[in-house]
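The structure appears right after this line, and notes come after that.
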Amino acid sequence: MSDERDWMKPKAGSAASVPIDLRTDVPHSARMYDYFLGGKDNFKADRETADKAAKSYPPARIAIRENRAFLGRGVRYLVREAGIRQFLDIGTGLPSTNNVHEVAQSVDPTCRVVYVDNDPIVLAHAQALLTSTPEGRTAYLDADLLDVQSILGNPVLRDVLDFDQPIALGLVAILHFITDEDHPRQIIRTLLDALPSGSYFMASHATAEHDPVGSRGFQQTYRNAGVPIQTRDAVEFTELAFAGLELVEPGVTLTSEWRPDHDGPRPAPEEVNWYSGIARKP
């Protein structure tokens with residue numbers, strides 16, 4: 001695991017120019033996600049909380065791996081089949097394998113990606129998200145999804161992405177951290193209204209439908225640790241994310257069932273408990 005003392009200093013060449021207080025004693029959703037994926041950028045408080053949550057919902061690691069796999073398949077679909085060459089990925093999380101720009105540029109090196117997050121842990125690692133191909137481009141914005149105008153009004157966004165051409169907006173594994181009191185529907189509509197016709201929206205969302213008891217315990221552990229979380233069922237997620245859009249086949253499905261890239265056995269619904277979908281803006 002990472003040496004906590006190293007985290008109090010900016011990485012060489014990183015987006016952080018001053019020391020960052022990462023509050024390593026407080027569990028953090030991005031670091032717990034990293035831990036569930038088998039990453040090393042997490043600390044004792046993150047691991048203890050994640051392990052406690054997993055006692056309520058043992059398939060947590062399976063669910064999170066399936067979500068990450070959906071992200072890769074979704075990006076490949078958008079580049080190969082939908083012709084998208086620009087991505088706005090909000091709620092980026094910690095750099096991992098198969099980041100959006102890596103997947104997109106492996107199909108077409110000219111793809112451009114703007115990452116957005118406001119977590120200090122992600123800011124400390126932002127340089128890992130800026131390793132673009134020479135033909136393409138990436139950028140990182142330290143901005144808050146709850147303040148949409150801080151994203152849309154950032155000049156870097158308009159410098160990297162051409163808003164006269166279709167853009168794929170990604171809100172993957174982030175919407176369940178936005179409770180109803182923060183007006184997620186308004187946030188999504190404001191972002192989509194800024195995108196041109198022919199753009200796409202890719203999203204995923206945790207649910208409790210397939211294991212209510214386990215999911216309830218998992219959520220409560222997060223809330224007790226100070227991490228807001230609100231699962232939604234398939235209907236709620238569909239109406240929240242994709243109202244007025246043209247859903248791409250197969251529509252809203254479990255992440256494991258969204259255009260799987262193999263014919264082998266896949267996890268049971270209660271092991272996934274996570275919905276996903278991609279839709280086109282008319």
Side-chain angles (χ1 to χ4, degrees), residues 2 11 14-15 29-42 50 59-117 119 121-141 160-161 167-175 200-206 248 253-264 266-267 271-272 274-278:
S2 300
K11 304 290 184 180
S14 77
S29 60
R31 295 195 299 248
M32 287 190 282
Y33 191 91
D34 174 77
Y35 175 60
F36 280 130
L37 284 174
K40 297 181 179 179
D41 296 321
N42 49 77
R61 287 178 174 82
I62 296 174
I64 289 173
R65 286 198 301 266
E66 289 297 327
N67 178 75
R68 190 71 184 181
F70 158 73
L71 174 65
R73 295 196 305 275
V75 170
R76 282 189 288 273
Y77 162 80
L78 287 166
V79 180
R80 288 175 180 167
E81 299 185 43
I84 293 295
R85 297 296 181 269
Q86 304 186 105
F87 291 83
L88 174 56
D89 181 24
I90 304 178
T92 302
L94 281 159
S96 183
T97 57
N98 295 323
N99 297 302
V100 170
H101 74 281
E102 294 171 332
V103 176
Q105 292 179 349
S106 71
V107 181
D108 186 330
T110 68
C111 286
R112 296 184 168 209
V113 180
V114 173
Y115 293 105
V116 180
D117 213 310
D119 292 332
I121 182 74
V122 182
L123 177 62
H125 279 275
Q127 189 64 26
L129 298 171
L130 303 177
T131 55
S132 174
T133 60
E135 303 92 333
R137 191 173 173 189
T138 62
Y140 177 82
L141 306 184
V160 177
L161 302 184
I167 296 169
L169 168 66
L171 295 178
V172 175
I174 188 66
L175 289 175
Y200 283 79
F201 180 34
M202 174 172 61
S204 68
H205 199 300
V248 171
T253 69
L254 291 169
T255 52
S256 55
E257 303 304 312
W258 198 94
R259 299 192 176 213
D261 52 13
H262 63 85
D263 295 326
R266 294 188 289 278
E271 295 178 305
V272 179
W274 209 311
Y275 288 119
S276 61
I278 294 180

Next item on the list: Supply the atom-to-atom distance Glu102 CD to Ser96 OG, rounded to the nearest 0.5 angstrom.
Entry: 9.0 Å
Next item on the list: List the atom of Ser256, the atom of Val272, and the distance in Å for their closest heavy-atom pair.
Entry: OG-CG2, 3.5 Å
Notebook entry, point to check: Does Arg31 come within less than 4.0 Å of Asp41, counting only side-chain N to carboxylate O?
Noted result: no
Checklist line | 4.5 Å side-chain heavy-atom contact, Gln86 and Cys111 | finding: no
Check: Which residue, Ile174, Leu169, Val172, forms the side chain to side chain contact (heavy atoms under 4.5 Å, CB included) with Ile90?
Finding: Leu169
Margin query: Under the criterion side chain to side chain contact (heavy atoms under 4.5 Å, CB included), I'd like the reasoning laid out for Thr138 against Thr131: C-alpha separation, chi angles, the key distance, then a yes or no.
Written below: CA-CA 7 Å; Thr138 62; Thr131 55; over 6 Å; no
Item checked: Residues which pass side-chain contact (heavy atoms from CB on, under 4.5 Å) with Ala63, listed by chain and number, not counting sequence neighbours -> Tyr57, Trp274
Note to self: Checking Tyr115 now: which residues fulfil ring-ring contact (aromatic ring centres under 6.0 Å, His included) with it, not counting sequence neighbours?
What the structure shows: His101
Check: Between Asp119 (side chain) and Ile121 (backbone), is there a donor-acceptor pair under 3.5 Å?
Finding: no
Notebook entry, point to check: Are Thr255 and Asn67 linked by a side-chain donor-acceptor pair shorter than 3.5 Å?
Noted result: no
Notebook entry, point to check: side-chain hydrogen bond (donor to acceptor under 3.5 Å, both in side chains): which pairs involve residues 73-83, sequence neighbours left out?
Noted result: Glu81-Arg259
Next item on the list: Name all residues meeting the ring-ring contact (aromatic ring centres under 6.0 Å, His included) criterion together with Phe70; count only those two or more places apart in sequence or in a different chain, and write none if there are none.
Entry: Trp258
Check: Given side chains that start at C-beta, do those of Tyr140 and Val122 come closer than 4.5 Å, heavy atoms only?
Finding: yes
Checklist line | Residues forming a ring-ring contact (aromatic ring centres under 6.0 Å, His included) with Phe201, sequence neighbours excluded | finding: Phe242
Checklist line | Set of residues satisfying side-chain contact (heavy atoms from CB on, under 4.5 Å) with respect to Arg65, sequence neighbours excluded | finding: Leu37, Arg61, Ile62
